[in-house]
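Because the structure is a prediction, the values reported are computed rather than measured.
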Amino acid sequence: MKLNFFQKALSSAGLLAIVVLLAGCPFSSSVPIDEGTVKVPSDLPGQWMSESDKDSDEPVENPTYYVISKDDKYHATAKKMEYSSSDSTYSETVYHLTFSDVNGVVFMNARDDKEDTYSLYKFSYDDKANKINTSEVTDYIKETFNSSKELKDFIIKNMSNSYFFTNTNETYVRK
């Protein structure tokens, strides 16, 4: 049976939709890298949005943004504010953050307030440029870890591999 152009386009679009749905999910772990060994930068609190949303030719009317507050010297809270056009309000997702030093590389452990898992990101903060950069740890990691030490040892061993981070690098600037 020959496929017509419409059927080919539909199957390609379906495959693309599946790839998009599965992509962009960072690795999640039941344990953090550690309980926080890097102090939260004192000037990190505030409102942050994607640099691409702020610098786009067409200004984003209701961009997604984060409100970061410092809980103590090693813990912070980030509230992700996402606009819903259906009810014209922002919804809030709360993340608890700690920052970990892994052989001189800073990682952010982000735990959704409603879940018991941590998403991991390579994290850098440039206070002079007022920018945050994050890189997701890939979800291709299938190992599970029973302790923070096991996770940290795995990261030390593998973070230099090309597959360890996704191609999703985000830069955030003050709103």
Side-chain angles (χ1 to χ4, degrees), residues 22-54 63-83 90-175:
L22 296 177
C25 298
F27 169 74
S28 62
S29 172
S30 61
V31 296
I33 297 170
D34 57 36
E35 293 302 320
T37 54
V38 175
K39 290 181 180 179
V40 176
S42 60
D43 50 351
L44 184 66
Q47 295 184 2
W48 297 87
M49 64 185 291
S50 171
E51 183 177 53
S52 61
D53 284 349
K54 190 167 189 171
T64 295
Y65 66 96
Y66 294 84
V67 179
I68 299 177
S69 60
K70 188 174 173 180
D71 301 335
D72 59 38
K73 65 182 179 180
Y74 292 104
H75 300 88
T77 300
K79 295 178 183 176
K80 182 179 185 180
M81 307 301 290
E82 292 179 285
Y83 187 77
Y90 275 91
S91 63
E92 178 181 285
T93 305
V94 177
Y95 296 95
H96 299 284
L97 311 177
T98 56
F99 301 90
S100 304
D101 183 322
V102 181
N103 282 2
V105 177
V106 176
F107 283 81
M108 178 175 66
N109 304 274
R111 184 181 58 81
D112 185 323
D113 199 28
K114 296 180 176 131
E115 297 180 21
D116 289 330
T117 59
Y118 296 85
S119 297
L120 305 179
Y121 303 84
K122 184 165 72 168
F123 177 89
S124 67
Y125 173 60
D126 183 340
D127 60 342
K128 289 179 179 64
N130 234 350
K131 291 185 179 185
I132 296 170
N133 292 299
T134 62
S135 300
E136 296 176 344
V137 172
T138 184
D139 65 339
Y140 291 128
I141 298 169
K142 300 303 177 203
E143 289 80 2
T144 56
F145 305 96
N146 296 316
S147 71
S148 294
K149 180 179 179 352
E150 287 177 13
L151 174 58
K152 193 171 200 173
D153 289 345
F154 179 84
I155 292 171
I156 289 168
K157 183 178 174 185
N158 292 285
M159 71 179 170
S160 63
N161 294 329
S162 62
Y163 67 82
F164 196 74
F165 297 101
T166 67
N167 291 330
T168 306
N169 297 313
E170 289 289 335
T171 300
Y172 300 93
V173 295
R174 291 215 183 260
K175 184 174 177 209

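- Under the ring pair (Phe, Tyr, Trp, His ring centres under 6.0 Å) criterion, Phe123 pairs with Phe99, sequence neighbours left out.
- Side chain of Asn109 to backbone of Ile33: a donor-acceptor contact under 3.5 angstrom is found.
- Taken to the nearest 0.5 Å, the OG atom of Ser42 stands 5.5 Å off from the NZ atom of Lys70.
- For Tyr66, the ring pair (Phe, Tyr, Trp, His ring centres under 6.0 Å) test picks out Tyr172, with sequence neighbours left out.
- The side chain to side chain donor-acceptor pair (under 3.5 Å) check on Ser135 picks up Asn169, with sequence neighbours excluded.
- Under the side chain to side chain contact (heavy atoms under 4.5 Å, CB included) criterion, Lys54 pairs with Met49, Val173, sequence neighbours left out.
- Nearest heavy-atom pair across Ser100 and Thr37 is CA-OG1, 3.6 Å.
- With sequence neighbours excluded, the residues satisfying side chain to side chain contact (heavy atoms under 4.5 Å, CB included) with Gln47 are Tyr65, Val67, Lys175.
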Between Phe27 and Thr138, does a side-chain contact (heavy atoms from CB on, under 4.5 Å) hold up when you go through it step by step? CA-CA 5 Å; Phe27 169 74; Thr138 184; 6.0 Å; no

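- A search for ring pair (Phe, Tyr, Trp, His ring centres under 6.0 Å) contacts involving Phe154 returns Phe145, not counting sequence neighbours.
- Heavy atoms only, all atoms of each residue included: Ser30 and Tyr118 are closest at O-CE1, 3.9 Å.
- Counting heavy-atom neighbours within 6.0 Å of Tyr163 OH, excluding the residue itself, gives a total above 12.
- What you find for Gly36 and Thr98 is that their closest heavy atoms are CA-CB, 4.0 Å.
- Distance OG1/Thr166 to NZ/Lys122: 10.5 Å, rounded to 0.5 Å.
- Heavy atoms of other residues, nucleotides or ligands lying less than 6.0 angstrom from CG of Asn167 number 12 at most.
- None of Val38, Val40, Asn133, Asp43 except one satisfies the side-chain contact (heavy atoms from CB on, under 4.5 Å) rule with Tyr125; the exception is Asp43.
- Taking the side chain to side chain donor-acceptor pair (under 3.5 Å) definition, one finds that Glu51 meets it with Lys131, sequence neighbours left out.
- Atom CG of Leu151 is separated from atom OG1 of Thr144 by 10.5 Å, given to the nearest 0.5 angstrom.
- Nearest approach of Tyr90 to Pro63, heavy atoms of both residues: OH-O, 3.1 Å.
- We find the OG1-NZ distance between Thr93 and Lys80 to be 6.5 Å, quoted to the nearest 0.5 Å.
- Distance check: Glu170 CD to Tyr121 OH gives 9.5 Å after rounding to the nearest 0.5 Å.
- Rounded to the nearest 0.5 Å, atoms CG (Leu120) and CD1 (Ile155) are 5.5 Å apart.
- Listed by chain and residue number, nothing satisfies the salt bridge (Lys or Arg N to Asp or Glu O under 4.0 Å) test with Glu92 (two or more places apart in sequence, or in another chain).
- Legend: residues meeting ring pair (Phe, Tyr, Trp, His ring centres under 6.0 Å) with Tyr74, ordered by chain and number and at least two apart, are absent.
- In this structure Asp71 satisfies the side chain to side chain contact (heavy atoms under 4.5 Å, CB included) test together with Ser69, His75, Thr77, sequence neighbours excluded.
- Residues in residues 147-169 take part in these salt bridge (charged side-chain N to carboxylate O under 4.0 Å, His left out) pairs, two or more places apart or across chains: Asp34-Lys152, Lys149-Asp153.
- Listed by first and then second residue, the salt bridge (charged side-chain N to carboxylate O under 4.0 Å, His left out) pairs that reach into residues 101-116 come to none, sequence neighbours excluded.
- Looking at heavy atoms from C-beta onward, Ile68 lies in side-chain contact with Ile132 at the 4.5 angstrom threshold.
- Trp48 and Asn130 get closest at one heavy-atom pair: CZ3-O, 3.4 Å.
- Distance alone, capped at 3.5 Å, is enough to place a donor-acceptor pair between the Lys142 side chain and the Asp139 backbone.
- Across all non-hydrogen atoms, the minimal contact from Thr134 to Met108 is CG2-CE, 4.4 Å.
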